[in-house]
2 protein chains.
Amino acid sequence: MVTQMDVARRAGVGRRTVSNVVTGFPYVSKDVRERVLRAIEELGYVPNRAAQQLRTGRSGVIALTVPEVGVGYFGELGNLVVEEAAARGLGTVVAQTRGSREREITEIERLLALQPDGVIMSPLGLTAEDLAGVSARTEVALIGEHFVGSPIRTIAIDNAAAAGDIVTHLVQSGREHIAFLGMSAASPNFNQLRRRGYLEALERHGIAPVAAVEARDFTSADGYDAGAVLAARLAEGAQLDAVFCVTDEVAIGAMRALHDAGLRVPDDVAVAGFDDIVEGRYANPRLTTVSPDKREIARQAVAAVLGEPADDAQIAYRLELRESTTGIVQPA
Amino acid sequence: MVTQMDVARRAGVGRRTVSNVVTGFPYVSKDVRERVLRAIEELGYVPNRAAQQLRTGRSGVIALTVPEVGVGYFGELGNLVVEEAAARGLGTVVAQTRGSREREITEIERLLALQPDGVIMSPLGLTAEDLAGVSARTEVALIGEHFVGSPIRTIAIDNAAAAGDIVTHLVQSGREHIAFLGMSAASPNFNQLRRRGYLEALERHGIAPVAAVEARDFTSADGYDAGAVLAARLAEGAQLDAVFCVTDEVAIGAMRALHDAGLRVPDDVAVAGFDDIVEGRYANPRLTTVSPDKREIARQAVAAVLGEPADDAQIAYRLELRESTTGIVQPA
DNA sequence: CTGAAAGCGCTAACAT
DNA sequence: ATGTTAGCGCTTTCAG
């Protein structure tokens, strides 16, 4: 193994200087820095993480749990977190929890065993108590939804407000029979917030909600099934001209079901989603959705978990009004 | 932070003794061991990984790259590797490569930055040269397919032989027009091996291959599309009574397409897959497949990457003859 | 069976 | 701007 000392000898400098170069300490003459860099290159020196960690007390690794890795909203967010961490010279270890409390707990334990500097979570099944237990052991930041009453730092948009905005958009485009397509009351918090935003917005506009259609979960398949139910009700004469889906994936499934039932989106039924996943941008028709500033969420989550002072409490979002509600095709 | 010294003081023993207890050194009196354990418990002592690593030179972490995590064959295998490693007290960091060489390289770099004790890979796009580069930097074991001409330790079944066995099963159940459904020649090695096994078996039985149908990739969607092509050919009068699919996922998609086209499996067309993923066991009809001993693959891969002496070179497999080729329903 | 002590490779306080 | 040095927490040789 090549050590700092070897590099120092090769470059004809002190060990301290090598450390300075490696850690980016400013006061090193250009000439010396280059000599050191060359020696590092020639020797193939790689700093020993264990030694760094022992010395600094930081492992340079953060942990991340998401329900699904590499797919949909959390997949995109996860990649951004990994990128953001990498940009700060941090490694990221990721675990996929599938949203069940049990798996969330076992995966967290696995991650904690690696003694990361902090963990970013998108818990779906964990209780406030579980979270308190974890945050007693390491730095924690939550993304995606606020845990009511939890003191843990949380990075999220205002889900209810965003849901309200998109419902308002539907109303203003002349829709009058707007259904919510999501999970039931006993669902993750974000689902409830989005549903509440939907209900409150309708109330503000003096419009009665259409009987809700329940999705089992948040996959496209669930959206498809629920969309099929919706189509059947329409065929039976129910009034319906718009659907607000709890996530883009559900919306994409629902659009497919409506299409299969011979309905046109948005001519017969407008469809809106939430999260702005890439699949929605390339769906046919392109999906109207709420677009949270994911990069900013990732940035703040990493900052939060490193104990950096809080930025803004709330993350920005904007409406992406696309073909599935407007009928207007725009380039992706 | 609670250190070994704290525990030693609390238990009224030397530091060495604490270390002995923690590392499972045998010669510690039962009495002392219990005192130490109690002190550890009371103080909430957790050994510092960085210090351990610095001392022993081992990080206690292995890395794993798979094309997809948590889904299908590699998902199941990945979970088994994680389990196997955990049983040995090792952590596992996993990266998903999606099978492209580019992603494989970036993900490997990310993992290597964590300085794991070794890496287990299922490379799909890497060249032998890439692999040599990685194995120069750390212990490497390959799973899933043999890289021809690579000296790197590989854990795999005999893909060609297994493919031959399953084709022989099809022939012996009276099928005469057997198609291969997989990728083209310019495909990952395992695809080529399975295809070759198929061709050689047919030749042995004196049966001409049916014009191959090409799948774009190894997803169920690809299988569905290819299956639809097959169904169309059949409708046009082509001779076909069996399909051997390169993977279970492709087979499941193909079965769905055949079903949608009004064909019965296995009455009209028998379908066989490869890998024995759980979805196949619950598919309708249940899928005949080659079942590699995944647990053993995981075990040997972990052993190999830790530099333990080689076990058996070749992993066992067996044929799972199920409804999709036999017509006989058996409990899953 | 247990204690003393060396030292893994690195960073940072201190000195120059 | 660069050199000297202590010590992070642990495992392990060497003595007892």
Side-chain angles (χ1 to χ4, degrees), chain A residues 1-40 43-61 88-91 113-117 137-138, chain B residues 1-40 43-61 89-91 112-117 137-138:
Chain A
M1 159 171 273
V2 184
T3 77
Q4 241 176 23
M5 199 56 215
D6 299 328
V7 176
R9 268 196 291 265
R10 172 78 159 229
V13 300
R15 230 175 70 195
R16 164 66 199 264
T17 307
V18 178
S19 179
N20 282 345
V21 170
V22 171
T23 57
F25 190 71
Y27 305 112
V28 182
S29 77
K30 202 169 152 61
D31 176 46
V32 170
R33 153 167 277 114
E34 270 173 19
R35 272 222 313 284
V36 171
L37 255 18
R38 182 137 27 84
I40 287 177
L43 263 29
Y45 166 75
V46 179
N48 181 314
R49 286 190 83 97
Q52 281 182 319
Q53 177 176 353
L54 185 56
R55 189 61 244 244
T56 63
R58 278 166 292 110
S59 62
V61 171
R88 289 162 169 265
L90 298 170
L114 268 26
Q115 302 183 204
D117 294 339
R137 298 206 274 157
T138 186
Chain B
M1 159 172 271
V2 183
T3 79
Q4 243 176 22
M5 199 56 213
D6 300 327
V7 176
R9 267 196 291 266
R10 171 80 159 224
V13 301
R15 234 176 66 193
R16 164 66 196 266
T17 307
V18 178
S19 179
N20 281 346
V21 170
V22 171
T23 56
F25 189 69
Y27 307 112
V28 182
S29 76
K30 202 169 150 62
D31 176 48
V32 169
R33 155 167 274 115
E34 271 172 19
R35 273 221 313 284
V36 170
L37 255 19
R38 183 139 25 88
I40 287 177
L43 264 29
Y45 167 73
V46 179
N48 181 315
R49 286 190 85 98
Q52 283 181 318
Q53 177 177 355
L54 183 55
R55 191 59 242 247
T56 63
R58 279 165 292 111
S59 62
V61 171
L90 298 170
L112 253 28
L114 268 26
Q115 302 182 351
D117 294 337
R137 297 205 275 158
T138 186

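In what follows, chains carry the letters A, B, and so on, assigned in the order in which the sequence lines appear, proteins first and then strands, with residues in each chain numbered from 1. This one's a predicted model, so the numbers in the text were calculated from it and none came from an experiment.
Computed from coordinates, the A/Arg58 CZ to D/dC8 P distance equals 17 Å when rounded to whole Å. Atom CZ of B/Arg16 is separated from atom P of D/dG9 by 20 Å (rounded to the nearest Å). If you take CZ of B/Arg49 and C1' of C/dC10, they are 19 Å apart, rounded to a whole angstrom. Whole-Å rounding puts the A/Glu34 CD to D/dT2 C1' distance at 18 Å. In this entry the distance linking CD of B/Gln52 with C1' of C/dG7 reads 16 Å, nearest Å. Distance, B/Leu54 CG to D/dC8 C1': 9 Å, rounded to whole Å. The interatomic distance linking B/Asn20 (CG) with C/dA4 (P) rounds to 14 Å, in whole Å. Look at CE on A/Met5: it is 14 Å from P on C/dT11, rounded to the nearest Å.
A close approach under 4.0 Å does occur between a side-chain nitrogen or oxygen of A/Ser29 and OP1 or OP2 of D/dT2. Contact check, B/Thr56 against D/dC10: no side-chain N or O comes under 4.0 Å of OP1 or OP2. Taking 4.0 angstrom as the limit, A/Thr17 places a side-chain polar atom (N or O) nearer than this to OP1 or OP2 of D/dG3. Regarding contacts with the backbone of C/dC8, every side-chain N or O of B/Gln53 stays at 4.0 angstrom or more from both OP1 and OP2.
Closest to the side chain of A/Arg55, out of C/dA12, D/dG9, D/dG3, is C/dA12. Distances were taken from every side-chain heavy atom of A/Val32 (C-beta onward) to each of C/dG3, C/dC10, D/dT2; the shortest belongs to D/dT2. Side-chain proximity of A/Arg15 to D/dC10, C/dT2, C/dC10: nearest is C/dC10. Considering only the side chain of B/Gln4, D/dC10 comes nearest among D/dT12, D/dC10, D/dT4.
Contact of the A/Thr17 side chain with the A/Val32 side chain is registered, since non-hydrogen atoms from C-beta on lie closer than 4.5 Å. Side-chain contact check for A/Val46 versus B/Arg137: every heavy-atom pair is 4.5 Å or farther apart. Taking the side chain as every heavy atom from C-beta outward, B/Val21 and B/Val13 never approach each other to under 4.5 Å.
Among all heavy-atom pairs drawn from A/Ala50 and B/Leu54, the shortest one is CB-N, 3.7 Å.
Residue-level contact check: A/Met1 touches the backbone only, with heavy atoms under 4.0 Å from sugar-phosphate atoms and none from bases. Residue contacts for B/Val22: at a heavy-atom cut-off of 4.0 Å it reaches no nucleic acid atom on any strand shown. Across all strands shown, B/Ser19 has heavy atoms under 4.0 Å from base atoms, whether or not it also approaches the sugar-phosphate.
Panel note: side chain B/Arg15, backbone B/Met5; no donor-acceptor pair is recorded below 3.5 Å.
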